[in-house]
There are 2 protein chains.
Amino acid sequence: MPSDDLENPNRPLTLKDVSEASGVSEMTVSRVLRNRGDVSEATREKVLEAAKSLGYVPNKIAGALASQRVNLVTVIIPSLKNLVFPEVLSGISEVLDDTPLQPVVGVTNYKPEREEKVLYEMLSWRPSGVIIAGLEHSDASRAMLTAAGIPIVEIMDSDGEPIDAMVGISHRRAGREMARAIVDAGYRKIGFLGTKMPLDHRARKRFEGFTEALAKAGLEIHDHEFYEGGSALLKGREMTEAILKRSPDLDFLYYSNDMIAAGGLLYCRDNGIEVPGRVGLAGFNGVELLDGLPVKLATMDACRAEIGREAAKIVAARAAGEEGGHERVVLTPTLQLGETLKR
Amino acid sequence: MPSDDLENPNRPLTLKDVSEASGVSEMTVSRVLRNRGDVSEATREKVLEAAKSLGYVPNKIAGALASQRVNLVTVIIPSLKNLVFPEVLSGISEVLDDTPLQPVVGVTNYKPEREEKVLYEMLSWRPSGVIIAGLEHSDASRAMLTAAGIPIVEIMDSDGEPIDAMVGISHRRAGREMARAIVDAGYRKIGFLGTKMPLDHRARKRFEGFTEALAKAGLEIHDHEFYEGGSALLKGREMTEAILKRSPDLDFLYYSNDMIAAGGLLYCRDNGIEVPGRVGLAGFNGVELLDGLPVKLATMDACRAEIGREAAKIVAARAAGEEGGHERVVLTPTLQLGETLKR
DNA sequence: TTGAAAGCGCTAACAG
DNA sequence: CTGTTAGCGCTTTCAA
């Protein structure tokens with residue numbers, strides 16, 4: 001029991017308590033607990049036993065202040081409800097698990113002002129690095145990131161200029177490639193179905209790349225449909241119904257994500273609309289869910305886990321003291337034609 | 001620019017820098033930045049401007065050490081890939097957003113030893129509270145939680161004794177209720193399909209409650225199928241095919257989660273197996289995904305967001321100084337019969 | 001191999 | 001309303 005527990009009987013234990021319990025100086029106790037420097041086996045054991053029996057948990061706050069070192073890596077993503085981000089996170093964890101670093105997640109809900117706030121909160125803990133989704137940030141956010149003096153890795157997107165390092169794919173190119181594949185397959189009346197969210201820059205860039213490539217082939221989006229909130233699968237059904245009723249001559253539907261595409265696919269099957277004969281379908285992301293669908297959906301893998309891993313590697317390397325800066329990793333998503341895009 | 005930047009030109013700014021830049025004492029600067037105590041409008045503005053123009057970000061590490069206060073709430077969950085947990089998280093955020101508290105998430109991957117490690121790491125930052133999934137923890141984890149001297153809320157489950165507070169549903173009861181509904185509807189040859197994971201205690205308890213209620217009706221599980229890893233939707237399809245091939249006389253399939261149940265439903269529809277005529281189906285959770293399915297699946301709402309909100313409220317109340325301890329909130333999941341459980 | 005002293009950057013407590 | 005003083009619990013640095 002701590003010696004001066006007269007004051008506050010329920011106070012957390014400190015190094016001093018372990019020091020007194022083991023009869024070893026605080027400094028040596030600290031060394032043992034951190035495996036730093038040489039300590040004789042005898043004292044080491046004494047200390048370890050005392051710490052354990054007391055149930056001592058070191059105070060990282062004090063440690064961090066004294067050592068000016070924090071093994072936290074800030075990870076900022078727009079949402080957890082979109083499976084994509086948990087997958088990026090597992091890529092990150094996979095790599096950081098082999099290091100002393102620990103990821104700490106902040107969620108912005110796609111709102112720049114929230115991003116700013118979360119970033120501020122997180123940076124005030126002086127993390128060893130930041131991994132943040134997207135290349136678009138408010139001026140204030142950019143200023144904070146620039147001034148932080150730690151590795152900053154912007155992920156998911158490569159269409160733009162990063163503050164420091166960048167790991168992602170080109171969504172513009174992804175949109176272009178899909179457009180080309182669709183046109184090459186002979187489809188001509190193409191509809192687009194996507195999210196209304198004006199702040200999902202990656203979806204926007206895919207759309208831009210898509211229309212750009214269509215234009216090159218002398219085509220235009222023939223009709224479109226946007227949604228907001230709710231169950232993506234259900235929205236996919238509803239939007240598909242709406243767009244096909246309005247424009248029955250459409251021969252292809254490009255969805256901005258796999259979840260709504262899956263909804264569209266189920267709608268078509270339930271309503272005797274032949275895919276890909278009557279209408280072709282394609283989504284984006286390559287989510288695991290698709291494996292369970294009756295038909296393989298055309299999509300494009302967004303390299304989520306890989307992006308997480310590469311980003312984590314960059315942070316880990318620099319935290320370990322390696323020189324670096326402005327790394328650029330551009331991954332290439334693979335087009336999977338599936339069974340919903342062909343003639 | 002900081003005055004003593006000769007030493008380290010890229011050092012993060014401190015209160016002292018703001019103090020010097022504004023000509024106000026460190027203490028008053030601190031007061032302004034925290035909105036504490038009375039400060040004249042004049043000095044307040046001077047300080048704010050200096051802080052802003054320098055781009056000062058307070059060091060929470062030092063602040064926390066000095067004030068012995070950390071507005072972090074540790075949230076420990078088994079996984080992020082199961083949509084259930086992000087939903088709990090949003091319930092938590094919803095409530096904490098109106099407080100100075102901030103959630104910090106740790107993931108255990110359903111492994112007790114990982115839980116122990118994550119818990120240790122998190123507790124060493126001296127958070128204001130812990131929200132942790134489940135009532136089953138290793139001895140070491142229990143010891144840490146007990147010794148932490150902060151509010152501990154165990155969530156999701158109410159079948160057991162919490163260390164401190166508890167917010168959840170009874171999974172045993174959920175299993176019993178579903179069994180009763182199935183038996184009442186006239187089904188007799190019942191199959192169970194679930195996860196192999198022996199450490200998903202809540203799934204286990206539902207299973208136990210389920211078989212218990214069947215027994216009371218003089219019935220037994222007629223066949224079962226377990227899976228591990230992979231796409232849940234796909235596994236649902238595969239398991240359903242396997243179990244129906246092996247035991248064609250089954251008239252009901254109870255799945256341990258909605259995702260595999262959805263896979264089963266799609267399988268049945270694709271293979272002309274009439275639901276609920278030929279075979280009835282039920283899942284568990286009430287995931288949003290179900291809204292997009294062709295047929296409404298029988299399920300049970302697990303009250304995820306509500307659980308998150310209640311847990312956060314308990315932590316927030318105690319962090320705000322309210323007395324408390326051993327709160328128990330037992331929510332009642334509602335059975336949704338849908339269209340896959342009836343005759 | 002061990003220990004003593006001096007902070008890390010901030011805030012509590014008190015004094016003006 | 002503002003400033004001074006003394007730590008918070010640990011690690012760095014230096015000396016023994």
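So you know, we letter chains A, B, ... as the sequences are listed, proteins then strands, and number each from 1.
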Expressed as a whole number of angstroms, how long is the span from [X]:[atom1] to [N]:[atom2]?
X	N	atom1	atom2	answer
B/Leu15	C/dC10	CG	C1'	6 Å
A/Leu65	D/dT12	CG	P	12 Å
A/Arg34	D/dG9	CZ	C1'	12 Å
A/Arg31	D/dC10	CZ	C1'	13 Å
A/Glu20	D/dG9	CD	P	13 Å
B/Lys60	D/dG9	NZ	P	20 Å
A/Lys16	D/dG7	NZ	C1'	12 Å
A/Arg126	D/dT11	CZ	P	19 Å

(request) Would you check, one step at a time, whether the test side-chain hydrogen bond (donor to acceptor under 3.5 Å, both in side chains) holds for B/Ser138 with B/Arg142? (result) CA-CA 6 Å; B/Ser138 71; B/Arg142 296 185 67 86; over 6 Å; no
(message) Has B/Asp164 got a side-chain atom pairing as donor or acceptor with B/Ile152's backbone, closer than 3.5 angstrom?
(response) yes
Counting only side-chain heavy atoms from C-beta out, which of [options] sits nearest to [X]?
X	options	result
B/Ala66	D/dC8, D/dG9, D/dT11	D/dC8
A/Thr43	D/dG3, D/dC10, C/dT2	C/dT2
A/Thr14	D/dC1, D/dG9, D/dT13	D/dG9
B/Tyr56	C/dC10, D/dT2, C/dG3	C/dC10

(request) Determine: side-chain N/O of A/Thr28 to OP1/OP2 of C/dT2, distance under 4.0 Å, yes or no. (result) no
(request) Kindly say if B/Ser67 contacts the phosphate of C/dT11, meaning a side-chain N or O under 4.0 Å from OP1 or OP2. (result) no
(message) When the axes are fitted on five pairs at both termini, how much does the helix from C/dT1-D/dA16 to C/dG16-D/dC1 curve, in 10° steps?
(response) 30°
(request) Begin from the C-alpha positions of B/Ser19 and B/Val24 and carry the test side chain to side chain contact (heavy atoms under 4.5 Å, CB included) through to its verdict. (result) CA-CA 5 Å; B/Ser19 165; B/Val24 178; 5.7 Å; no
(message) Any base atoms under 4.0 Å from B/Asp38, or only sugar-phosphate, or nothing? Heavy atoms, all strands.
(response) base
(message) By nearest heavy atom, map B/Glu26 and B/Gln68 onto DNA chain D; which one lands nearer the 5' end?
(response) B/Glu26
(request) Between A/Arg69 and B/Met27, just flag the one whose closest nucleotide in DNA chain D comes earlier from the 5' side. (result) B/Met27
(message) Testing B/Ile131, B/Val88, B/Val329 one by one against B/Val167 for a side-chain contact (heavy atoms from CB on, under 4.5 Å), which residue passes?
(response) B/Val329
(request) Identify which one of B/Thr74, B/Ile150, B/Thr99, B/Leu101 satisfies the side-chain contact (heavy atoms from CB on, under 4.5 Å) criterion when paired with B/Ser128. (result) B/Leu101
(request) Not counting sequence neighbours, which residues clear side chain to side chain donor-acceptor pair (under 3.5 Å) with B/Glu121? List them please. (result) A/Lys60
(message) To the nearest 0.5 Å, what is the distance between CZ on B/Arg126 and CD1 on A/Ile61?
(response) 7.5 Å
